[in-house]
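Lettering follows sequence order; numbering is per chain, from 1.
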Amino acid sequence: MIPNQDISTRLLAWFDQYGRHDLPWQHPRTPYRVWLSEIMLQQTQVSVVTAYFQRFVDALPNLPALANARQDKVLALWSGLGYYARARNLHAAAKLCVEHHNGDLPHELAALIALPGIGRSTAGAILSQAWNTPAPILDGNVKRVLCRVFGIEGWPGTPAIEKQLWTLAESLLPDARQADWTQAQMDFGATLCTRHNPACPQCPLQMLCVAWRDGRSNALPTPKPGKTLPQRDAHMLILDDGQGRVLLQRRPPAGIWAALWSLPEHANNETAQVWFQRHIDGDFGAARALPVLIHGFSHYRLRIQPQLITVNGLRCAVGDNADLRWIHRADLHTLGLPAPVRKLLEQTQ
DNA sequence: AAACCGGGGCA
DNA sequence: TGCCCAGGTTT
């Protein structure tokens with residue numbers, strides 16, 4: 001196990017030399033200014049926030065001034081920062097503080113979290129920076145740093161990993177300098193342990209970083225899994241009669257591609273073969289597999305395995321073939337075909 | 001075009 | 001509790 005006190009000691013020393021010590025909310029560092037800066041920084045970079053912060057505190061220098069301001073004014077001061085729910089929550093929280101906390105921010109974690117717009121991480125940032133109270137934070141920077149230093153695999157948004165990260169963040173708290181510790185973590189993540197191309201050669205934690213040891217600095221943290229849509233497989237048969245015609249099949253009246261003409265389709269190769277031998281005069285063994293085609297729907301991915309076979313024709317014995325039709329390739333444009341089917345047929349002519 | 005991200009909201 | 005979303009910007 002990595003000696004955790006080493007990490008905060010090393011990072012605080014790094015912060016003394018390379019950290020940001022002249023941010024506008026650090027001078028003076030009042031609880032109101034810390035709170036305002038943390039809300040502004042939630043989805044916005046420091047370089048953008050500084051000018052807005054200055055304008056905001058010039059107009060509304062303390063919590064009661066914010067509470068008494070008209071919402072129009074607050075939103076106007078926020079204008080350009082985006083995510084305006086933050087401004088509305090900030091304003092509402094200021095009024096609640098006047099009503100319930102004598103016009104101050106509460107000093108307790110639970111009371112802070114109870115205010116709109118303040119969650120556990122923002123509450124920790126306020127506690128540590130406003131009053132030097134030991135309290136962990138877990139913003140995107142800290143998550144990234146912890147995942148790398150401790151080599152944690154898996155997307156940090158999952159509840160199990162997030163819980164693990166909170167425990168780690170708590171274990172790293174130094175005995176003193178709580179405000180600096182919070183700022184050090186944010187600065188470290190923002191300027192050195194960056195998402196892309198972290199400056200590992202300059203890193204004060206290099207010798208104890210699991211990701212560096214394993215060459216996985218660029219692979220961690222594990223990215224959020226893409227919207228893994230459910231995947232379905234379809235085997236489509238491109239049956240060619242050798243005279244320029246292909247066999248189309250009308251789809252059922254309901255469901256995807258309802259009533260469109262498509263290629264004979266089956267869930268797997270076995271059912272495709274059974275259907276073929278019942279309906280088609282030809283040699284299924286002569287089927288040639290074409291490259292798989294992925295077609296994306298809004299709610300699932302269809303993985304199409306096409307198979308091309310030249311055949312003699314339909315079996316006469318099968319009477320019910322109203323839904324099967326030989327079509328000259330030249331006439332395909334007259335029919336409404338599903339886009340991937342049209343693509344397939346264009347590729348194979 | 002897609003990833004990003006703390007908090008809110010809802011089952 | 002756990003899961004997903006809204007909201008603008010960045011890559």
Classify the angle between the aromatic ring planes of A/His21 and A/Phe15 as parallel (below 30°), tilted (30 to 60°) or perpendicular (above 60°).
->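 Geometry flag for A/Phe15 against A/His21: tilted rings.
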Distance, rounded to the nearest Å, where [X] contributes [atom1] and [N] contributes [atom2]:
X: A/Ile161; N: C/dC3; atom1: CD1; atom2: P; result: 12 Å
X: A/Tyr83; N: B/dC5; atom1: OH; atom2: C1'; result: 8 Å
X: A/Tyr52; N: C/dT9; atom1: OH; atom2: P; result: 9 Å
X: A/Arg144; N: B/dC5; atom1: CZ; atom2: P; result: 7 Å
X: A/Trp78; N: C/dT9; atom1: CH2; atom2: P; result: 13 Å
X: A/Gln45; N: C/dT9; atom1: CD; atom2: P; result: 12 Å
X: A/Arg195; N: B/dA2; atom1: CZ; atom2: P; result: 15 Å
X: A/Met40; N: C/dT9; atom1: CE; atom2: P; result: 14 Å

Upstream residue (5' side of DNA chain C) when A/Pro159 and A/Gly80 are each assigned their closest nucleotide |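 That would be A/Pro159.
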Quick one: on DNA chain C, does A/Thr158 or A/Ala85 contact a more 5' nucleotide (nearest heavy atom)?
->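 By nearest-heavy-atom nucleotide position, the 5'-most residue is A/Thr158.
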Exceeds 12 heavy-atom contacts within 6.0 angstrom, atom CZ of A/Phe284 =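 Atom CZ in A/Phe284 is packed in, count exceeds 12.
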Which side-chain N or O atoms in residues 96-106 of chain A pair as donor and acceptor under 3.5 Å with protein atoms at least two apart or in another chain?
none

Give A/Arg86 one of three labels, base, sugar-phosphate or nothing, depending on what nucleic acid heavy atoms sit under 4.0 Å from its own.
->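 No contact at all - A/Arg86 keeps every heavy atom at 4.0 Å or more from the nucleic acid.
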Would you find a donor on one side and an acceptor on the other, under 3.5 Å apart, between the side chain of A/Arg144 and the backbone of A/Pro221?
->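 Such a contact is absent between A/Arg144 side chain and A/Pro221 backbone.
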Excluding sequence neighbours, so at least two apart, what forms side-chain hydrogen bond (donor to acceptor under 3.5 Å, both in side chains) with A/Asp139?
->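 Scan of A/Asp139 (side-chain hydrogen bond (donor to acceptor under 3.5 Å, both in side chains), adjacent residues dropped) gives none.
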Using atom P of each nucleotide, how far apart are C/dC5 and B/dA2 to the nearest Å?
->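 Rounded to whole Å, the distance is 16 Å.
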Would you mind building the protein contact string for nucleotides 6-11 of chain B? One character per nucleotide, 5' to 3', B for base within reach (heavy atoms under 4.0 Å), S for sugar-phosphate only, - for untouched.
-> BSS---
Tell me yes or no: between the side chains of A/Gln26 and A/Gln129, is some donor less than 3.5 Å from an acceptor?
->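 No, A/Gln129 and A/Gln26 have no side-chain donor paired with an acceptor closer than 3.5 Å.
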Establish, from distance only, whether the side-chain atoms of A/Thr122 and A/Gln42 form a donor-acceptor pair under 3.5 Å.
->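 Checked: A/Thr122/A/Gln42 side chains pair up, N/O donor to acceptor below 3.5 Å.
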